[in-house]
Amino acid sequence: MLVTGGSITQTRMIELCYKLPDLLKSEQENWKVMSARYKDMAEKIKQKLEVFYDKYTFNQDRPMIRFGNFVYFEENGCILRSVADGDKGSAEVLLSTEDLCFHDAFIQRLRISPDERYMATSIKSSNSEESTCIIMKLDKLPVIERIIPNVFSFEWATNNVLFYTSQENLVCHNVFLTTLTNTKHTELVYTEQDPRFFVDICCTKDRRFLTINSNSKTTSEVWLVDCSHPFKSPVLVQQRTKGVIYHIEHRNDELYILTTYEQPAEYKLMKTPLGSCGMENWQSVYTLKEKTKLIDMEMFKDQCVMFLKYYNHLYLNVISLGSHSVQSVELPAWACAFELEPHPEYNTSACYFQLASPVQPPKRFAYSLVENHLIEQVEQEVPITLNCHTVHLTAKSKDETLVPITVFHNTNSKELHRKPLLVHVYGAYGIDLNMSFKAENLMLIDNGWILAYCHVRGGGELGLGWHRDGCKHNKLNGFYDLKACMMLLHEVGFSQPKYTALIGASAGGVLAGALCNADPELFGAMVLQAPFLDVLNTMLDIHLPLTIEEQEEWGDPLTDDKCMEYIKSYCPYHNIKPQHYPSVLITAYENDERIPLTGVLRYIHKLRKAVMDHASSKYKQGSPAPNIILNVQTGGSHCAPSWEDSLNEVAGHLAFLHRELKLEGK
């Protein structure tokens, strides 16, 4: 197959793959030379970072999970168990990742069998996308009962029957059950035939059903497994309907359905009798208002709690499942990020969660389902950021859509137009821009930096419609949004282009790279982590594991010429040209299965050539050219380096920005 219009033929792509080891070695040698320029500054920044990490980063382990008579929790790579309401210090160690020779690994998922005789957990290395499921028998001395490789999700149906999905090449299509009885066996339960769909499994909160969930980016289908009869064939809830997403919960012989069915095409809660589960029988319980983001939902015996975001303000709605009345509870104005804690017990009296912001460490809260009010937990003193001011802006995009921006800066800063500005962007898959706490943000604020988060279309900050308006044939909307945000920030006095840096990760590289080509004068440096930069060639290669699945986000250039031309119009790789560029630092990962390293190498080589061509024709002798640097990490999977590697990476990024933005005297 020959791809015209500047794309690479399949033969040339194969040739590049053969050259990959040499190119990789060349880039690693180049990185050693280039990184030496930033080494001293990186060491100084790392020392400062460690102080902030020690001061503000604590309780890294996951929250406790109460199940039956015990609580289970993670600590230093171990899973421990203690008696509920007892002394945590007397806990017993059930599993240690180090003892199992899982080095540089973390615990992803934990499930306890109904009778608490077995524990299943998944362990994932930072160097791989695949997880291993370890099944432990919880006798007086816990022993390993089974090890299952390449597992994505798993749930207990009964005391000794576990369902799980297998993952291969980033794809989950098969569901198995395995028994832990004397007659142990494993059998295939379900297979998904459509490559656009991804399968996982969940358990309803009342443990009546397991749900087999087959989801594409826009459509879903659910099958039910009766936990009291796990060997019976799964029962279909509703045949997949293009454009309709739905998820299932169960209560009192009724199915509760979280779905996009019917207008408006935002999430709504519906219900139907268990015996009449087709969508023609679904009845409305609650509908989200327009431009509202559903962050999470938790079902309890008599209430459903929805965690919502409306124009970047977090709140929760508590829906009575009897009367359908709704109580709305505002969450603290400083909160930007939310994480729900596990609640395996159906009859619990409180819902626990954590709130954070880019500059505020996580704080634990509880919502009392009995007393109907919010409770701030004071189990650990969390430092409050006092010297940071938050500003909310809206930029008017090309089509006059208003795009939210969240800005943080030091309260004591003067002459903000002379301060360095770090702009964050993502804008894809309906996923919100990451606004969780990072200790380095406090260091930056302390040093006078301005942090800006641009909530552009393609992300999910303003609901499902916000994503639809920024994907496929609307992808350029996100680009125009980002440009409008950058221009507004400078217009209102936040920094200026020569002190401005743009940062993005993964799919955020598409919009950042597009702006770098079209409007390079808007910023002085760009840092990208595991970026997606060669959209067209990736979407033309059906041999890559995610290409077919990704067509609902980017379109299908293989069968649609208009789609091909549209992608070509914004694809960062295809729009590189000889011109002035900001300095660029890209971090990629050798083991990254999501972003092909060949695409990153193609981009960096083409960008360097464009910079050199421009320098030879335009620059006066002695005028410095921008630095175009690629750091290929030998370890780490997609955007998931280890803690120590992450600390070094952040220090390296900040040292690069400090030098390239010429902040030595600031």
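Small disclaimer: the values here were computed from a predicted structure and weren't measured.
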Query raised in the report: Thinking salt bridges, do D432 and K293 make one under a 4.0 Å N-O criterion?
Result: yes
Query raised in the report: Should we count NZ of K483 as having more than 12 external heavy atoms under 6.0 Å?
Result: no
Report task. Quick one: list whatever passes salt bridge (charged side-chain N to carboxylate O under 4.0 Å, His left out) with E266, sequence neighbours left out. Result -> none
Report summary line: By ring-ring contact (aromatic ring centres under 6.0 Å, His included), Y256 pairs with (sequence neighbours left out) none
**Report entry** Set of residues satisfying side-chain hydrogen bond (donor to acceptor under 3.5 Å, both in side chains) with respect to N174, sequence neighbours excluded
**Finding:** T191
**Report entry** With Y426 via ring-ring contact (aromatic ring centres under 6.0 Å, His included) - residues at least two apart
**Finding:** none
Requested in this report: Check whether any side-chain N or O of Q551 sits under 3.5 Å from a backbone N or O of D556 as a donor-acceptor pair, and report yes or no.
Outcome: no
Query raised in the report: Excluding sequence neighbours, so at least two apart, what forms side chain to side chain contact (heavy atoms under 4.5 Å, CB included) with K577?
Result: Q579, Y581
Report task. For K438, enumerate each residue passing the salt bridge (charged side-chain N to carboxylate O under 4.0 Å, His left out) test, keeping only those at least two apart in sequence or located in another chain. Result -> none
Query raised in the report: Does the side chain of H574 come under 3.5 Å of the side chain of S569 through a donor N or O and an acceptor N or O?
Result: no
Requested in this report: Please determine if K289 forms a cation-pi arrangement with Y310, meaning its NZ or CZ atom is less than 6.0 Å from the six-membered ring centre and no more than 45° off the ring axis.
Outcome: yes
Requested in this report: Using salt bridge (charged side-chain N to carboxylate O under 4.0 Å, His left out) as the criterion, list what pairs up with R196, not counting sequence neighbours.
Outcome: D194
Report task. Determine whether the side chains of Q529 and E649 contain a donor N or O and an acceptor N or O closer than 3.5 Å. Result -> yes
Query raised in the report: Can K562 and E565 be counted as an ion pair, charged N to O under 4.0 angstrom?
Result: no
Query raised in the report: So which of R468, K475, K472 actually passes salt bridge (Lys or Arg N to Asp or Glu O under 4.0 Å) with E553?
Result: K475
Requested in this report: May I ask you to check if R457 and F479 form a cation-pi contact, with NZ or CZ under 6.0 angstrom from the six-membered ring centre and within 45° of the axis?
Outcome: no
Report summary line: For Y311, the side-chain hydrogen bond (donor to acceptor under 3.5 Å, both in side chains) test, sequence neighbours excluded, returns none
Query raised in the report: Can you name the residues that form a side-chain hydrogen bond (donor to acceptor under 3.5 Å, both in side chains) with N477, not counting sequence neighbours?
Result: none
Query raised in the report: Could you go step by step and tell me if E249 and T204 meet the side-chain hydrogen bond (donor to acceptor under 3.5 Å, both in side chains) rule?
Result: CA-CA 5 Å; E249 263 294 349; T204 58; 4.7 Å; no
Query raised in the report: What do you reckon, is CG of D399 surrounded by more than 12 foreign heavy atoms closer than 6.0 Å?
Result: yes
Report summary line: Paired with F532, the ring-ring contact (aromatic ring centres under 6.0 Å, His included) test is passed by just one of Y603, Y573, W554, namely W554
Query raised in the report: Under 3.5 Å, is there a donor-acceptor pair between the D200 and N213 side chains?
Result: yes
Requested in this report: Check side chain to side chain contact (heavy atoms under 4.5 Å, CB included) between F231 and all other residues, then give those that pass, not counting sequence neighbours.
Outcome: V161, L177, T179, H185, E187
**Report entry** Pair E461 + K309, salt bridge at N-O below 4.0 Å
**Finding:** no
**Report entry** Residues that E27 engages under side chain to side chain contact (heavy atoms under 4.5 Å, CB included), provided they are two or more places apart
**Finding:** N30, L601, I604, H605, R608, L630
Query raised in the report: Can you list the residues that meet the salt bridge (charged side-chain N to carboxylate O under 4.0 Å, His left out) rule with E552, with sequence neighbours excluded?
Result: none
